[in-house]
Amino acid sequence: MTKALFSVPHITCEPIKSYKPGSSEKLEVQKEYDLMMKKVINLPMIINGKKITSSKKTPVSPPHNHKHIVAYCHYGSQKEIKQAISACMVNKDSWRNTPWEHRCAIFLKAADLLSGPYRQKINAATMINQSKNIFQAEIDAACELIDFLKFNVKFLTEIYQKQPESSNGIWNRMEYRPLEGFVYAITPFNFTSIAANLCLAPVLMGNTVIWKPSDSQTYSAKIIMDLLKEAGLPDGVINMVHCKPEDANKIIFQHPDFGGIHFTGSTKVFQSIWKEIGKNITKYKSYPRIVGETGGKDFIIAHKSADVDEVTTAIIRGGFEYQGQKCSAASRIYLPKSQWKKIEKKLISELKTIKVGDPKDFTNFVNAVIHNQSFEKLKSAILKAKKDNNAKIIFGGGCDKSIGYFIEPTIILTTDPNYDTMKRELFGPIVTIYLYKDENFEKTLKIIDTTSEYALTGSIFAKNRNIIIQASKILENAAGNFYINDKPTGAVVSQQPFGGSRGSGTNDKAGSYLNLLRWVSPRTIKETFVPPKNYRYPFLKQEK
Ligand code: NAD
């Protein structure tokens, strides 16, 4: 069909809008936010392009205003899961046979729609549904998702161009087939862009997908489905279900056509999924692809040569942006005793200026945590720290859920590098600091490497190059994304491909070609132009 080797348009990262007072983008997003807050909409499942409602409905409320209802989400059961699998299998051939440039064109169109008419819809939905301030919504739901949509197109062409060597009389080719079965995407609440990309990466490579969004991201998930429909993604390529995870697991992980899982969420859940797949391994037609990015206990270590203001800013931005609910959020901090008084003074005076509240008020830096369960978990960690002899709360500690699930940015100072909150992922605005003796810098690096089960992100702050080299070496396996003199959050698609190893996941690097490779099963083709007509090799001849 295709009669040219097309090149894709030049691709660059989406510029982040400022939303400064008086800007048109600020007025637009505020208008969209108010409209959404006034309405109550339905969030149906979408299977084979059809909206499926049910009598099992649950209210959806903003975490910062949990008595206010903005939607009802419709839940299905095993019946809808079976329908979603059928839809994936029925639509598989037409989607995998859609020429690559047309698959890419749908993605590029979706990116342009998101950059234009859908930008403030997805931003407002993410602010309301996940309690993000406008900047956090913009860098996630708008910019990062636009970057995923566009850069994945570029990565696809780079993969397709990767071809084997050929020799005389032979043309070797490699084609990047989609997987034979369907892909199951289970997605987290905390990034609208990650949720979308967990479906879109396999889809771009020609697969059909069942998508089960987090119960705490269903509102912004609907906007993604609207966007993809408008961009021309055919019905049945992504089938979105809302259900109890166990209901889906029972059907999907037993199905012979289960081709792969694209997961982001907590480590425990991923490990339980892996076990389930292992138990059923003989039932599948192919070995399923298992891709999962999971938890983190991300660190910052400052050397005595580090700049106090830079370290303080990294702790605040890295630890408290989006209420510390980023898998990459800095939550364990190692500071040299000699610098502590200066850092403490700056840190506390800066934290005092931070406002906590509703994202509608743009002056709030910290908003609500995602749900009651998270609120209670964080509150109990704070209460425990108040009681423990080896921990002291030096800032924050306040919790209030009368209107929304608000937790103050909280700093725990501990004398024990193995204190509970130095090891356990809390996923909230709680940062724990441990002070080390300056002469124990190397020993502290070794402690960092062995304290937690995770290895997602981490930062070293130092001016001295030899120190940077030493930290990079000792911490080689402690983080999949390692930062030098920068906070450990805010990875950009195409610039810092993202993922960690150990308990943090399979490290398949979202935002790079490496992730797309997991969604194809290459076929090698050898074509011989003039095949031999006789089996006898020259060595078989008799000596004369
Ligand atoms: P979660 O594990 O609670 O839920 C993630 C998804 O798994 C949701 O859709 C949920 O419904 C589903 N789920 C829950 N139990 C399940 C089960 N038994 N079987 C199948 N699916 C199940 O995580 P969350 O609270 O949505 O997100 C926070 C977690 O995600 C944190 O641990 C964070 O570190 C991690 N995360 C990691 C990355 C990364 O790239 N490494 C990115 C974002 C979030």
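Not measured: the values here are computed from a predicted model. Numbering starts at 1 and runs along the sequence shown. Order of listing sets the numbers, starting from 1, for every ligand and every atom in it.
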Those atoms of ligand 1 less than 4.0 Å from some heavy atom in Lys212: 9 (O), 10 (C), 11 (O)
For ligand 1, indicate whether the residue Asn249 contacts it via side chain, backbone, both or neither (heavy-atom separation under 4.0 Å). side chain
Return yes when Phe191 approaches ligand 1 closer than 4.0 angstrom through a heavy atom, no otherwise. no
Number the atoms of ligand 1 from 1 as they appear, then name those within less than 4.0 Å of a heavy atom of Gly295, with their elements. 32 (O), 34 (O)
Ligand 1 versus Thr267, non-hydrogen atoms closer than 4.0 Å: side chain, backbone, both, neither? neither
Ligand 1 contact by Thr264, heavy-atom criterion under 4.0 angstrom: yes
Counting from 1 in the order shown, the ligand 1 atoms closer than 4.0 Å to a non-hydrogen atom of Phe498 are 39 (C), 40 (O)
Atoms of ligand 1, numbered as shown, that sit under 4.0 Å from any heavy atom of Ile186: 6 (C), 7 (O), 9 (O), 12 (C), 20 (C), 21 (N)
Nearest protein heavy atom with distance in Å, relative to atom 4 (O) of ligand 1: Gly265 CA, 4.6 Å
Are Lys132 and Tyr322 in a cation-pi contact, defined as NZ or CZ under 6.0 Å from the six-membered ring centre and within 45° of the axis? yes
Applying a heavy-atom cut-off of 4.0 Å, say which part of Thr187 lies close to ligand 1: side chain, backbone, both or neither. backbone
Ligand 1 atoms nearer than 4.0 angstrom to some heavy atom of Pro188 are 26 (O), 27 (O)
How close do Ile277 and Pro288 get, counting heavy atoms only, and between which atoms? CG2-CG, 3.9 Å
Which pairs of donor and acceptor atoms, one on a side chain in residues 254-266, lie under 3.5 Å apart (sequence neighbours left out)?
unit_1	atom_1	unit_2	atom_2	d
Gln254	OE1	Lys283	NZ	3.1
His255	ND1	Asp257	N	3.0
Asp257	OD1	Lys285	NZ	2.7
His262	ND1	Leu198	O	2.8
His262	NE2	Asn515	ND2	3.2

Proximal ligand 1 atoms for Ser266, defined as those under 4.0 Å from one of its heavy atoms: 1 (P), 2 (O), 23 (O), 29 (C), 30 (O), 32 (O)
Those atoms of ligand 1 less than 4.0 Å from some heavy atom in Phe263: 7 (O)
Could you report the tightest heavy-atom contact between Thr208 and Cys88, atom names first, then the distance? OG1-O, 3.0 Å
Which one holds for Glu425 and ligand 1: side chain close, backbone close, both close, or neither close, with close meaning a heavy atom under 4.0 Å? side chain
Only one of Lys326, Gln323, Gln325 clears side-chain hydrogen bond (donor to acceptor under 3.5 Å, both in side chains) with Gln136; which? Lys326
Which atoms from ligand 1 have a heavy atom of Asn190 less than 4.0 Å away? 43 (C), 44 (C)
